[in-house]
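Take a look at the structure set out below.
Naming convention: chains lettered A, B, ... in sequence-line order (proteins, then strands); numbering from 1 in each chain.
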Number of protein chains: 2
Amino acid sequence: MATGRTHRPATRSRGIPEATVARLPLYLRALTALSERSVPTVSSEELAAAAGVNSAKLRKDFSYLGSYGTRGVGYDVEYLVYQISRELGLTQDWPVVIVGIGNLGAALAGYGGFASRGFRVAALIDADPAMTGKPVAGIPVQHSDDLEKIIEEDGVSIGVIATPAGVAQQVCDRLVAAGVTSILNFAPTVLSVPDGVDVRKVDLSIELQILAFHEQRKAGEEAGADSGTAPPAAYQAGEPAASGDSAPSGGGSAAGGKGGRKGPDGDVPAVMPA
Amino acid sequence: MATGRTHRPATRSRGIPEATVARLPLYLRALTALSERSVPTVSSEELAAAAGVNSAKLRKDFSYLGSYGTRGVGYDVEYLVYQISRELGLTQDWPVVIVGIGNLGAALAGYGGFASRGFRVAALIDADPAMTGKPVAGIPVQHSDDLEKIIEEDGVSIGVIATPAGVAQQVCDRLVAAGVTSILNFAPTVLSVPDGVDVRKVDLSIELQILAFHEQRKAGEEAGADSGTAPPAAYQAGEPAASGDSAPSGGGSAAGGKGGRKGPDGDVPAVMPA
DNA sequence: AAATGTGAATGCGTTCACAGCA
DNA sequence: TGCTGTGAACGCATTCACATTT
């Protein structure tokens, strides 16, 4: 083993922390870039900077994978690329189906990052018969009637949902029933799945709202005093409404009531429930 | 990110945990759905189920905002919608620019969730002169030469980067220089920004890789021992094993479909660095 | 001398369980 | 009685700091 000294109890990979797993792709990307520049080794300090994390965290992360570095020297770039790829399961081919070929689905189909790391778009599926057969990003769209057949034939275990929210759950159910056990969900809905199925969600609107929260904070700080939001006369009038402009159920909302104890600012407590 | 230096309490010592902030949009979505169905109140249990979290977590989250519930009854839906919207800063209008109108940028421009909650697409910007003036999702694309002017005139503080990775950092720099302080990054790159600027990233490829990790684990478990990892012929050789792009693709690795691998202890030290 | 690998310390987030209130 | 609000316990993640190794 020329080094196998770090003989670990075999079961070492039993339990890589989730937070670490989430960073492995980041390290891998940075390492791939170094590899392309033919850089032979990196220190934890350098690699951490390239990946946008701090070096202690990176070393700790790598320690869960094993002892792949050399003290006094650093990490061998190619070796690490391979080890991380293997750990992530990227040394095998992952066929993926994308369901819902609207604007977003089409963009995903054409996204280079998809094809680049072991992921292969096995099929594009849409419920609209008008789409059937039409090539998107070079791949002909198939009708959702054939969803089960496609998944079974290709042995697809990863599905991407890019449908409208309203049908996401049923699409999800069909995917799962057909054998998919990992789902990447772009629809703004909470999906429920049986045990053993993983779901990760990507939600644009949520990301923006988180940014808005911090942005608002910044604005408040620099403005010194409050300044903040215009005090609404009745809180219920403030909703954007987007789809269905839901008539505000009215409800008493007569204003007046004393506010909840700790209004972050002297805002308008408006109404109290009940 | 917070930078360790807390300028000053400025506003009330409202320290809402980051994890809580990230869930507020989820609660808001569930509440909005209830509101549209004119449901007057919800218990933490019901709302938690709708949002896909557990009720203890939800109650704790809400406790950071204040005491907005009624014991023995639950939460007033409309009231909570307003309080959360306000906390997130959604009672004001947030103009957003999208830079990079390729497939993804165009999909984002047309995404309903964008417009729906106080976010307004103020401008679409692209470096390609051929795109200038062309309407995408009803909004004419503007040339990136005008980026600074657009941001300043509209008072844009949130920018979305949907450009190729290669130009993302420079776009980011220009956005920040022009006054943007929150960035949603879709380019697969680590962006560096000055203190006080928030960056959130959305990376498709990373999400898929995380799924692949877990998927691989599942396959390995159910398949029992199973074949070992194919030992890499020579990942280090003299040259980058898989330079160029796309690592594993290409021939080799046959292996149709899933089929597991992953020896739990597939150590395979094979070669060591140095 | 340089840089990894890792126990220990710290901090954050989640869950428990129950007091308190309508 | 029913359900919220929250202190306390717990567990995971990050950071520190240094012994260890090349």
Side-chain angles (χ1 to χ4, degrees), chain A residues 2-9 12-24 26-27 31 39-77 79-80 83 210 257-263 272-274, chain B residues 1-4 6 15-24 26-27 31 39-49 51-77 79-80 83 210 272-274:
Chain A
T3 73
R5 127 223 63 265
T6 321
H7 208 333
R8 311 177 132 282
R12 63 133 155 64
S13 67
R14 203 57 330 137
I16 297 180
E18 193 52 37
T20 294
V21 172
R23 280 187 295 267
L24 292 181
L26 227 54
Y27 301 142
L31 285 164
V39 175
T41 61
V42 266
S43 66
S44 62
E45 202 71 53
E46 295 164 328
L47 182 54
V53 304
N54 78 50
S55 65
K57 195 185 288 185
L58 177 143
R59 287 198 304 278
K60 183 65 110 180
D61 283 341
F62 285 179
S63 79
Y64 293 116
L65 307 184
S67 290
Y68 294 153
T70 306
R71 291 169 200 247
V73 177
Y75 299 92
D76 181 275
V77 171
Y79 186 68
L80 251 193
Q83 289 297 347
I210 295 170
K258 67 171 295 218
R261 59 164 248 263
K262 131 209 234 161
M272 257 308 256
Chain B
M1 287 124 183
T3 77
T6 315
I16 299 182
E18 192 54 36
T20 295
V21 171
R23 280 187 295 266
L24 292 181
L26 226 55
Y27 301 143
L31 285 164
V39 175
T41 61
V42 266
S43 66
S44 61
E45 202 70 53
E46 295 164 328
L47 183 54
V53 303
N54 78 50
S55 64
K57 195 185 286 186
L58 177 143
R59 287 199 303 279
K60 183 65 109 179
D61 283 341
F62 285 179
S63 79
Y64 294 116
L65 307 182
S67 290
Y68 294 153
T70 304
R71 289 166 202 248
V73 177
Y75 301 91
D76 181 274
V77 172
Y79 186 68
L80 250 194
Q83 289 297 347
I210 295 170
M272 253 309 250

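- Within residues 39-49 of chain A, no residue has a heavy atom under 4.0 Å from DNA chain D.
- Residues that satisfy the side-chain hydrogen bond (donor to acceptor under 3.5 Å, both in side chains) test with A/Thr41, not counting sequence neighbours, are absent from this structure.
- Applying the salt bridge (charged side-chain N to carboxylate O under 4.0 Å, His left out) test to residues at least two apart or on different chains, the pairs with a partner in residues 61-73 of chain B are B/Arg23-B/Asp61.
- As a whole-Å value, the separation of A/Leu65 CG from C/dT4 P is 14 Å.
- Every residue two or more places apart in sequence or in another chain was checked for a side chain to side chain contact (heavy atoms under 4.5 Å, CB included) with A/Pro40, and none qualifies.
- For A/Ala49, the side chain to side chain contact (heavy atoms under 4.5 Å, CB included) test picks out no residue, with sequence neighbours left out.
- Put simply, CG on B/Leu58 is 8 Å from P on D/dT4, counting in whole angstrom units.
- Rounded to whole Å, atom P of C/dG13 lies 8 Å from atom CD of B/Glu18.
- Put simply, CD on B/Gln83 is 12 Å from P on D/dG5, counting in whole angstrom units.
- Between B/Thr20 and B/Lys60, every side-chain heavy-atom pair lies at or beyond the 4.5 Å cut-off.
- Take A/Phe62 and apply the ring pair (Phe, Tyr, Trp, His ring centres under 6.0 Å) test, not counting sequence neighbours, and it matches A/Tyr27, A/Tyr75.
- Here A/Arg59 pairs with nothing under the salt bridge (charged side-chain N to carboxylate O under 4.0 Å, His left out) rule; sequence neighbours left out.
- Position along DNA chain D of the nearest nucleotide to B/Phe62 versus A/Ala19 favours B/Phe62 as the more 5'-ward residue.
- Straight-line distance from the CG atom of B/Leu80 to the C1' atom of D/dT4: 12 Å, rounded to whole Å.
- For B/Tyr64, no side-chain nitrogen or oxygen approaches OP1 or OP2 of C/dG13 to under 4.0 Å.
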Do any N or O atoms of the protein come closer than 3.5 Å to N or O atoms of nucleotides 15-19 of chain C, and which pairs are they?
residue	atom	partner	partner atom	Å
C/dT15	OP2	B/Asn54	ND2	2.5

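- Partners of A/Ala50 according to the side chain to side chain contact (heavy atoms under 4.5 Å, CB included) rule, which considers only residues two or more places apart in sequence or in another chain, are A/Ala30.
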